[in-house]
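Report on the structure given below.
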Amino acid sequence: MGAELDALNGEVLVTHPLDPLSADEIRQGAAAVRRDRGVGDRWRFASIELKEPAKADLPALESGELARRDALVVCWNRADGQAYRATVSLSGDEVTAWEHLPGQQPNMTVDEWHECDVMLRSHPAVIEALARRGITDRSRLLSDMWAYGAALVPERYAGQRIGWCDLWYRGSELGNPYARHLSGLHPIVDLNTMELLELEDSDAGGPVPEITVPEVRGEYLPDLLPMRLREVAPLHVSQPDGVGFTLEGNLLSWQKWQLRLGFNHREGLVLHQVAFRDVGRLRPVAHRLSFAEMVVPYRDASPDHYRRTAFDIGEWGLGFMTTSLTLGCDCLGEITYLDAVVNDSAGEPQTIPNAICVHEEDSGILWKHVDERAGAEVRRARRLVVSFHVTVANYEYLVYWRFYQDGSIECEVRATGIMVTSQTAAAGSRPANGTLVDQGIYAPFHQHFIVARLDLDVDGTGNTVYATESRPAAPGPGDPYALGLTIASTPLRTEAEGKQDYDWGTQRGWKVVNDNVTNSLGTPVGYKLIPSAAFPPLLDPASPAFTRAQVIGHTLWVTPYREDERWPCGDFPVQAERDTGLPVWTQANRPIENADVVLWYVFGIHHITRPEDWPVMPTDIVSFWLKPFGFFDRNPALDVPPSPHC
Ligand SMILES: [Cu+2]
């Protein structure tokens, strides 16, 4: 404790046990395993992160009664491929646990991605394959490396750390590489030795220039667009008296909300200890909110795409992929930024400047009524937004957590960037599993399943999740017109019952209720997960993509809180054969009634690709809400003052 936190320009001390590791702490974690466990130059560090204290230990750590800070370090030896997970006591400066992980591949690293790219560019076999396609200017080449599932790794490479690559070609120096896929050409690379194992080349037979670099309309930079930009009037957002929130260290307070900002390599932004101040009491709503996995199966069996099932969180990490934000572009208005620090594969800290954006936004009308005598009473809504952006190669994900004055929380994801494409099988042919988006180019259908991990603590940890469904009445003596609507509220008592699917027909939702606390109406307090953007996997249960990501088989899973249950598809999805997370944990069918529950909500985008998504995709927007349901006695936003002009 007490190390400087780069995340706030080096001025603020680490003051809370949930604050992310500082740059110095990342260095210390790496140094400890080098010193005590013989980790040498041939090793890579996959991840170095704060080992978050168990919930039960937090009060003692917060009060200073306990002084302990630990790091989790995952590293592997490239010489023999063996991976290890260490717990390093930063306060004691020693390695306190060292776990061998036989058969496991840690997350992919940015360094491997770059080194693979450098190797491929200068490899004679790649140069020869490019030349056959009429490509000699390798400065315009882009390679992209994907991890893949064990079932798809050829038997001869079993146990090796394998990357599977695409090659792309820019039409000009700054042209869009993703507009020109060198289809049929896929290097397979041993990432530990960084050697080319083989070069899949469907065109190995002879020259094929006209098909491989088609004339496309795939540019989006204004300088490369043969069109005039439209005129747009200026729009300014100003807060002349400053912002309405305060940030002390990582503690964020705004109106009645209070929360802590966290960050790690895998989840990116993490929200801790979310609470609402209500008549002088700070009432807990959520202990921790984050994204725990994202699974993107491409639904095209062609040789160019059949291995493409991305685990953007478990394989690559939202934190590692987080990009710096720019004022006036990414966020508009009075913005406060936080930097983030992650590790590189050498165990050195890497700072991402302006990684997290905090700001307030106008959000239209909060409430309004026009009375015949009293006239119009209007309140404008405002929301606090905490956001971050990630770029995973061709795609971007923009994540927004929004806090509203009425106690609601909205989690929105915007997907944008550039779709994966490839050339159609033959000129003029229509793809079966995708949409034609350019001359001879199609974008395969795919799905983005995001798993939000929602550790709700509604007024404490004794919570029960109820599935709520609307039921229409049948006509009867008391209701001859069959107008009645009743709500069936079913407590989920076990993990088996906690596996829930969305049902449009009954408007099923899930209420997280604290039956031990009642509001002044005498009903128990709760927060409701309002599902949206949910969709079925539409995958054969025996398929490798589903086997590795069984979490996508349900819209909601509910588990009792366990400190070490963090990753729904397993700790190490890289080259995994099956999902060793939620489906394994829930086999015990543990009780979840009146318990410290964790909700795993699966939502996202069923992406049936459109021509309008090309060459760069207008943001596709999905979200879900957590809304107070009897948490308050009445509208908690009655005390919001009218705007000066109202
Ligand atoms: Cu998509």
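Start at 1 and go down the list; that is how both ligands and their atoms are numbered.
Between H305 and H181, the ring planes lie parallel to each other; the angle is under 30°, not in the 30° to 60° tilted range.
Considering NE2 of H186 and CG of D166, their distance stands at 5.5 Å, rounded to 0.5 Å. Here the CG-CZ distance, from L454 to F291, works out to 9.0 Å after rounding to the nearest 0.5 Å.
Under the side-chain contact (heavy atoms from CB on, under 4.5 Å) rule, H389 has a single partner from I356, T416, T323, which is T323. For the side-chain contact (heavy atoms from CB on, under 4.5 Å) test with I552, the passing option among P536, P568, P537 is P537; the others fail.
Both the sub-6.0 Å distance and the 45° axial angle are not jointly satisfied by R307 relative to the ring of W146.
Inside a sphere of radius 2.8 Å centred on the Cu ion (ligand 1), the protein N/O/S atoms present are Y395 OH, H446 NE2, H448 NE2, H607 ND1.
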